[in-house]
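Structure first, commentary second.
Proteins get letters first, then strands, A, B, ... in listed order; numbering begins at 1 in each. For clarity, every value in this text was computed on a predicted model and none was experimentally measured.
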2 protein chains.
Amino acid sequence: MAATDAPVRAIDRALDILDCFEPGQLELTLTDIANRIDLSMSTTSRIVATLEKRRYLVRNTDTQRYSLGSRIAQIGALGLSSMDLRKIALPYMRDLNALYNEGVSLYVIRDDERICVERVESTLPLRRVVNVGDRHPLTRGAAGRVLLAYLPRERREAILARDPFTSEEALEELRHGGYTVSLGEREEGVSSIAAPIQDARGEVIAAVSMSGPSVRFEGSGFSDKISKVKKTAELISRALGR
Amino acid sequence: MAATDAPVRAIDRALDILDCFEPGQLELTLTDIANRIDLSMSTTSRIVATLEKRRYLVRNTDTQRYSLGSRIAQIGALGLSSMDLRKIALPYMRDLNALYNEGVSLYVIRDDERICVERVESTLPLRRVVNVGDRHPLTRGAAGRVLLAYLPRERREAILARDPFTSEEALEELRHGGYTVSLGEREEGVSSIAAPIQDARGEVIAAVSMSGPSVRFEGSGFSDKISKVKKTAELISRALGR
DNA sequence: TATCTTGTTCCGTAGAATAGAATATTTCGT
DNA sequence: ACGAAATATTCTATTCTACGGAACAAGATA
């Protein structure tokens, strides 16, 4: 095992301390922290003092309890600005592409349509080519329906009113199953599977889909493909902090 | 010099690494980082690996450069919510107090109990006095049940096992109705109404309650009070970014 | 007032963390 | 295409950091 496989113990412990703070538990005593991470008071005191000095923790002078410090908000804002959905999603999309050698796309909503923002192409001669930048209606195709399904009700109804190609029933079923398929629906002979990607707050912000000639989306392997598309969406969501 | 005056070196170094990321410099190589903090490559590699494992840093598989990871955004959001709850909630609590001249309290969970962290008192001679810092079981009283109802199942069940004063059925009904009342339950002659407050992620992090002598919580005006308490909780939640 | 709980400081020592060396991989200049 | 330079990874002997228990201090509670 490489030396880098074992985490630096003191750093692990410091991060354990930061992890003690959670919604509804935003202020903790030294004893609270020591108990949660199962460390001695003196060790905890030293680590907490280091985090306090660097303003990752702050001590409330009235209650003598600790909260996350101002530096946390600062690097949080920096972290958000640095995070790029495409960069995060791409490795997982590649993994999915590697499994089946089918095209894998990432879609987000823009101007009440969906747009492809990332793509991993198949190398097979027979393929459904998709380009980054391609735009399509939300009501048509698997990825479109996924993005439509999680919009606020009024917005969703307005889009369906303009182009009633799918239905609330279909969208409800999609939300229940966590994926949808399109079999030759937008293009004859082309099928796809799509699943929703959630951000750290649980909002659906993108859809990942895998598509190709319908002939390769039939038979017994199909449910395996569905399962893997859903898994890819989950992994991307996790990587985004869900 | 006390031991806690000297920071834990490895932790200081890890935080030095996080500090290397700044606007306009959101992606760095291992060498960049080692140079900035003046550490050997092998030491830097090990610290960076620890931060990566804990998702404080993430490595771009194409460029092999490091960025701040998803955990940074998570704790950043937490840090922000920790700072603001009482300040944000107080004006809405005062508004509710102004409507009825009844006491209004803000509760959060601490050590599997609820604690009052903000209070607007009634000026009427007959009043149920509550002090900031007062602690009570989660299983008793309206605010306690509200906080208990939205805890993760295992944690909730553990608390109910220790003090089965309320039930899963009652908590389910509460989640459905979005509020609960306590009529002389914890203290004879005292009644209260409580509703949940959600943060930007939709997590229930606090409860707002209005309480006073039961004689003032009867009759036709009661449902109006319920409606206003729920509204106050909603407004506070919105102000927190929900 | 006595006891308990929480927090701080001190200190001997085990082993974690270190950096240099060796090696591997990638990038760059010619 | 190839060699040099730069970047990155892994290994390991050594040092001294980080550790936790003990002693003590301060605050809370019965």
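Residue A/S42 places no side-chain atom within donor-acceptor reach of the base of C/dG7, judged by atom type and a 3.5 Å distance cut-off alone.
At least one side-chain heavy atom of B/L15 sits less than 4.5 Å from a side-chain heavy atom of A/L51.
Note on B/R9: every side-chain N or O is 4.0 Å or more away from OP1 and OP2 of D/dC19. Between B/R65 and D/dA8, a side-chain N or O to OP1/OP2 separation shorter than 4.0 Å is absent. Put simply, B/T31 has a side-chain N or O that comes within less than 4.0 Å of OP1 or OP2 on D/dA8.
Here C/dG20 presents its P atom at 11 Å from CG of B/D38, a figure rounded to the nearest Å. Taking atom CD of B/E27 as the reference point, atom C1' of D/dT7 lies 16 Å away to the nearest angstrom. Distance CD1 (B/I47) to P (C/dA16): 16 Å, rounded to an integer number of Å. Rounded to a whole Å, the CD atom of A/Q64 is 8 Å from the P atom of C/dT8. Following rounding to the nearest Å, B/R13 (CZ) and C/dA16 (P) show an atom-to-atom distance of 17 Å. Here the P atom of nucleotide D/dA8 and the CG atom of B/L39 are 15 Å apart, to the nearest Å. What separates CD1 of B/I11 from P of D/dC19 is a distance of 7 Å, to the nearest Å. Between the CE atom of A/M41 and the C1' atom of D/dA25 there is a distance of 13 Å, given to the nearest Å.
For B/Y150, there are no side-chain hydrogen bond (donor to acceptor under 3.5 Å, both in side chains) partners at least two apart in sequence or on another chain.
Counting only residues at least two apart or on different chains, the salt bridge (charged side-chain N to carboxylate O under 4.0 Å, His left out) pairs with a member in residues 94-108 of chain B are B/E102-B/R216.
Neither side chain, A/T29 nor A/R65, offers a donor N or O lying under 3.5 Å from an acceptor on the other.
Of the candidate nucleotides C/dA17, D/dA8, C/dT8, D/dA8 has the atom nearest to the side chain of B/L30.
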